[in-house]
Amino acid sequence: MTVFSAPVFDATVVYEGQELFKGRGAAQSWAEKVAREIETEVTVEKIGTGWALKATVDGETRTWGIFGQRLSRLEQAG
């Protein structure tokens, strides 16, 4: 099972239409899971009132939030 299909039951906030982790600790925990799966460093970043995951994959910066209780790539974060 991929971490990207695992349900995210942590508290969330919506900032500028994006669902993000409410707490840094929850985001950090998911960042560690994603890092193990994609085998690269994943950090957490404060965006407005919430936290997102961020990594560089194949030379491209990727940012993830939450959509429908699953990790989801954010197209316009920041």
Side-chain angles (χ1 to χ4, degrees):
M1 180 170 154
T2 173
V3 69
F4 291 98
S5 66
V8 176
F9 292 121
D10 295 284
T12 63
V13 295
V14 176
Y15 179 76
E16 293 185 354
Q18 304 285 355
E19 189 174 6
L20 305 168
F21 290 94
K22 182 176 183 178
R24 186 180 197 287
Q28 185 62 49
S29 175
W30 279 92
E32 292 166 5
K33 293 174 190 178
V34 171
R36 281 192 300 272
E37 181 156 325
I38 66 173
E39 298 178 344
T40 193
E41 181 182 10
V42 179
T43 60
V44 297
E45 179 179 290
K46 180 85 168 171
I47 298 177
T49 58
W51 294 88
L53 313 183
K54 188 165 263 195
T56 300
V57 179
D58 297 330
E60 182 181 330
T61 300
R62 304 268 173 94
T63 305
W64 295 277
I66 304 163
F67 181 78
Q69 293 185 332
R70 301 289 184 267
L71 290 177
S72 177
R73 188 170 168 195
L74 303 178
E75 296 301 324
Q76 298 177 352

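Just so you know, residue 1 is the first one in the sequence shown, and it goes up from there.
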Task: Contacts of Phe67 that satisfy ring-ring contact (aromatic ring centres under 6.0 Å, His included) - sequence neighbours left out - done: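 In terms of ring-ring contact (aromatic ring centres under 6.0 Å, His included), with neighbours along the sequence ignored, Phe67 is linked to no residue.
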
Heavy-atom check, side chain of [X] versus side chain of [Y], under 4.5 Å:
{"X": "Thr40", "Y": "Thr56", "result": "no"}
{"X": "Gln69", "Y": "Phe9", "result": "yes"}
{"X": "Lys22", "Y": "Asp10", "result": "no"}

- [ ] With Leu53 as reference, evaluate Val42, Ile66, Thr63, Leu74 under the side chain to side chain contact (heavy atoms under 4.5 Å, CB included) test and give the passing residue.
- [x]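 Result: among Val42, Ile66, Thr63, Leu74, Val42 is the only option passing the side chain to side chain contact (heavy atoms under 4.5 Å, CB included) with Leu53.
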
TODO: Would you mind telling me which of Trp51, Phe21, Trp64 makes a side chain to side chain contact (heavy atoms under 4.5 Å, CB included) with Trp30?
DONE: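 Among Trp51, Phe21, Trp64, the one that satisfies the side chain to side chain contact (heavy atoms under 4.5 Å, CB included) with Trp30 is Phe21.
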
Task: Val8 reachable from Phe4 in the ILVMFWY side-chain graph, under 4.5 Å edges - done: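 Same cluster: Phe4 reaches Val8 through Ile, Leu, Val, Met, Phe, Trp or Tyr contacts under 4.5 Å.
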
Task: Common cluster, Val44/Ile38, ILVMFWY with side-chain heavy-atom separation under 4.5 Å - done: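 Yes; tracing contacts between hydrophobic side chains, which count when under 4.5 Å, links both residues.
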
Open item on the list: Tell me if the CD atom of Glu60 is crowded by more than 12 foreign heavy atoms within 6.0 Å.
Closed with: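 Buried by this count: over 12 neighbours within 6.0 Å.
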
- [ ] Can you establish whether the number of heavy atoms outside Glu41 located under 6.0 Å from its atom CD is more than 12?
- [x]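 No - once you tally the heavy atoms of other residues, nucleotides and ligands closer than 6.0 Å, there are 12 at most.
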
Reported [atom1]-to-[atom2] distance for the pair [X] and [Y], which is rounded to 0.5 angstrom:
{"X": "Gln28", "Y": "Thr43", "atom1": "CD", "atom2": "OG1", "answer": "8.5 Å"}
{"X": "Arg70", "Y": "Thr2", "atom1": "CZ", "atom2": "OG1", "answer": "11.0 Å"}
{"X": "Arg36", "Y": "Glu32", "atom1": "CZ", "atom2": "CD", "answer": "6.5 Å"}

Task: Where Ala52 and Leu20 come nearest, the two heavy atoms and their spacing - done: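 Where Ala52 meets Leu20 most closely, the heavy atoms are CB-CD2, 4.0 Å.
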
